[in-house]
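Only one structure is covered here, and it is reproduced in the block below.
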2 protein chains.
Amino acid sequence: MSATIKDIAKLAGVSHTTVSRALNNSPLIQEETKERIRIIAEQLDYTPNYNAKSLVLDRSYNLGLFFTTLSNGTSAGFFYEAIRGVNSVIRDRYQLIVKGIDDYTSFHSITKKSFDGIIIVSQSDDDGPIIEHIANKGIPLVVLNRPVDTPGVLNVLSDEEQGAFHAGAFLVNQGHKKIALIEGRKGFKSAQNRKDGFERAMEHYGITVPDSFRMPGLYDLESGHKAMGQFLSLEERPTAVFCCNDEMALGAIKAVFEAGLQVPKDISVVGFDDTVFAAYVTPALTTVRRPIEQISEEGALRLLGNIENKLNETEQVLLRTELIVRESVQPLHA
Amino acid sequence: MSATIKDIAKLAGVSHTTVSRALNNSPLIQEETKERIRIIAEQLDYTPNYNAKSLVLDRSYNLGLFFTTLSNGTSAGFFYEAIRGVNSVIRDRYQLIVKGIDDYTSFHSITKKSFDGIIIVSQSDDDGPIIEHIANKGIPLVVLNRPVDTPGVLNVLSDEEQGAFHAGAFLVNQGHKKIALIEGRKGFKSAQNRKDGFERAMEHYGITVPDSFRMPGLYDLESGHKAMGQFLSLEERPTAVFCCNDEMALGAIKAVFEAGLQVPKDISVVGFDDTVFAAYVTPALTTVRRPIEQISEEGALRLLGNIENKLNETEQVLLRTELIVRESVQPLHA
DNA sequence: CACATCCATGCACACGTTAACAATAGTCTT
DNA sequence: AAGACTATTGTTAACGTGTGCATGGATGTG
């Protein structure tokens with residue numbers, strides 16, 4: 001059906017070896033021979049058979065992009081940005097194969113032959129086994145978005161501690177002194193990091209946060225709502241609340257409105273994640289944005305570096321988050 | 001490195017052909033021989049080399065999922081749902097290769113050898129050339145989301161005319177009689193379909209829409225804002241406005257608020273698309289949802305049918321939209 | 001002029017798999 | 001008991017490409 005190097009060879013009156021070399025721009029072949037062959041290839045609309053190439057070169061030209069799950073729980077914006085970021089660096093050098101980890105019944109088919117490298121956008125501790133499997137098989141790997149301590153694995157993620165620090169600092173700089181915290185789900189590393197950053201900011205500015213200004217949370221709407229309820233029932237209320245994610249912030253805002261108060265006029269609220277809806281709720285939410293697209297770009301870039309230079313660099317890279325200031329924080333003039 | 005059928009053959013004391021047949025469960029091989037070979041394969045942790053398989057079987061096990069663009073303009077939710085839908089159908093039978101059409105500098109590398117089939121989620125008329133290229137190459141193809149008249153191409157999309165009809169009918173059923181229309185961008189087929197559906201609903205219920213109740217639009221925030229401005233300046237205002245997409249609806253709502261009026265109390269608004277933010281704006285937008293996930297499922301299913309049965313069914317499938325009722329429409333009691 | 005050197009190309013095989021055809025042994029038929 | 005048929009396995013080539021080694025011609029050198 002489609003032309004092969006042998007067809008070209010016949011027309012050019014050379015061996016298929018020469019054609020192969022010419023099309024790969026080998027220095028062994030005379031320049032004019034190359035040119036002649038290139039022209040014939042063009043005329044025949046020749047495209048190399050990548051399956052054959054793969055077989056002999058032992059490369060697949062495939063890059064795996066695996067998400068914890070495709071079916072549920074991954075936010076659309078997150079997903080989109082991750083694919084965009086990776087795609088922007090690989091362009092036409094590799095094919096991007098998108099998969100959900102939970103679609104695998106067995107990791108058996110994940111081999112060095114079928115993937116030149118793999119990018120895991122990890123959103124759960126359950127991804128441990130697949131990470132280990134891939135590392136064991138010796139496939140170049142980068143894990144994004146979640147800290148991971150398997151040795152020999154590249155790891156790129158956002159510096160959430162720093163992001164939370166900035167959010168806290170911002171509140172202080174806006175004149176707030178009575179600042180409360182709604183924590184993330186216990187056991188999640190992100191929850192710990194965000195809390196740590198917040199605490200560090202408070203310490204740094206010499207602000208003490210009483211125990212009554214700290215409430216646990218579960219990263220969901222309801223727990224944010226409940227926590228804010230508690231704060232509102234205090235004799236001395238906080239003037240600002242830092243919520244460890246946007247969803248809890250939304251719940252918190254709802255609680256404020258239900259109490260007949262206003263955000264940000266009566267209480268300021270800051271979230272974390274810059275979820276898609278953050279810009280559209282009322283008031284638009286001031287929040288911390290994780291640079292997902294940048295993370296995936298950086299991750300893809302370093303992975304390609306490892307693949308193409310046959311290195312095995314294995315550091316952990318932290319990228320800075322960005323504070324997105326919208327309308328949910330009120331400056332307080334002393 | 002990794003085991004091949006020849007390694008298995010040696011251990012089993014048979015020829016590699018027998019191993020190949022055994023592992024492919026050929027009826028030619030004795031059941032006990034099969035079992036013996038399977039056990040050895042298991043022990044060696046054998047995985048077939050798909051590149052070799054592909055070469056001889058002339059199949060790639062790859063399915064292309066192409067979007068008009070990845071870099072810009074595709075909405076995240078749309079993107080996510082499309083991938084989910086397709087992914088749920090193919091599972092482990094194929095690898096899903098995600099690409100942006102605008103990343104291709106040449107379609108040259110898109111061949112029958114590298115893709116067993118291709119799904120195009122089309123969002124622009126500019127996709128014409130690639131569709132034709134793929135159809136010419138004889139690669140099984142389905143185009144989603146946008147009507148396409150290239151012969152020999154499967155086409156699955158939502159019935160927007162019907163969706164707009166329902167939206168219009170809903171307004172009438174809520175008691176509205178003075179209903180206005182903000183049209184989509186001229187020249188877009190979707191604009192025509194949505195308008196047609198709306199008109200049909202008005203006719204069906206015997207409601208006349210004066211010319212002053214019709215404004216052109218560009219599918220963007222600003223044109224929606226401007227059009228609503230016009231309606232508000234009329235002596236006799238409409239009580240409800242159907243906007244041909246959500247973004248214009250948003251602009252329209254903004255105009256209402258700026259005029260000191262309320263949605264839906266003073267004017268009801270309906271959108272189209274169920275964009276991600278539709279649920280989060282205030283008031284939450286009543287709108288028409290296109291079943292993207294269902295479209296991509298249906299499309300993938302039919303594509304696989306064509307691939308695996310070597311058919312070339314080539315019909316156009318219209319799927320029903322769904323009216324999502326939220327808070328932007330007020331029932332009007334006569 | 002004989003020999004070494006270098007440049008451009010070809011030969012033959014390899015990659016891992018499937019499949020057409022051949023071969024062997026056992027079974028059935030008459 | 002001979003021939004036909006069947007069931008199971010093996011032999012060999014093929015898919016399209018890349019590469020180590022061999023080859024042959026041109027060029028340079030003493």
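Chain A is the first sequence line, chain B the second, and so forth, proteins listed ahead of strands; every chain is numbered from 1.
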With no hydrogens and no angle check, do the side chains of A:Arg21 and A:Ser26 hold a donor and an acceptor under 3.5 Å apart?
-> no
Per-nt protein contacts along nucleotides 7-19 of chain D (heavy atom under 4.0 Å; B base, S backbone sugar-phosphate only, - none) come out as -BBBBB--BBBBB
Estimated bend of the helix from C:dC1-D:dG30 to C:dT30-D:dA1 (axis per five terminal pairs, rounded to 10 degrees) | 50°
For B:Ser15 and B:Thr18, test the side chains for any donor-to-acceptor distance below 3.5 angstrom and give the result as yes or no.
-> yes
In terms of heavy-atom contacts, B:Pro147 and B:Lys189 come closest through CG-CD, 3.3 Å
Neighbour count >12 (heavy atoms, 6.0 Å) for atom CD, B:Glu42 | no
Going by the ring pair (Phe, Tyr, Trp, His ring centres under 6.0 Å) test, name the single residue among B:Tyr104, B:Phe66, B:Phe107, B:Phe115 that passes it with B:His133.
-> B:Phe107
Donor-acceptor pair, B:Asn145 side chain versus B:Ser122 backbone, under 3.5 Å?
-> yes
Measure across A:Leu154 and A:Asn306 and return the closest heavy-atom pair with its distance rounded to 0.1 Å.
-> CD1-ND2, 3.4 Å
Would you mind reading off the distance between A:Leu23 atom CG and C:dT9 atom C1', rounded to a whole angstrom?
-> 15 Å
Is it true that a side-chain atom of A:Ser114 and a backbone atom of A:Ile110 form a donor plus acceptor pair closer than 3.5 Å?
-> no
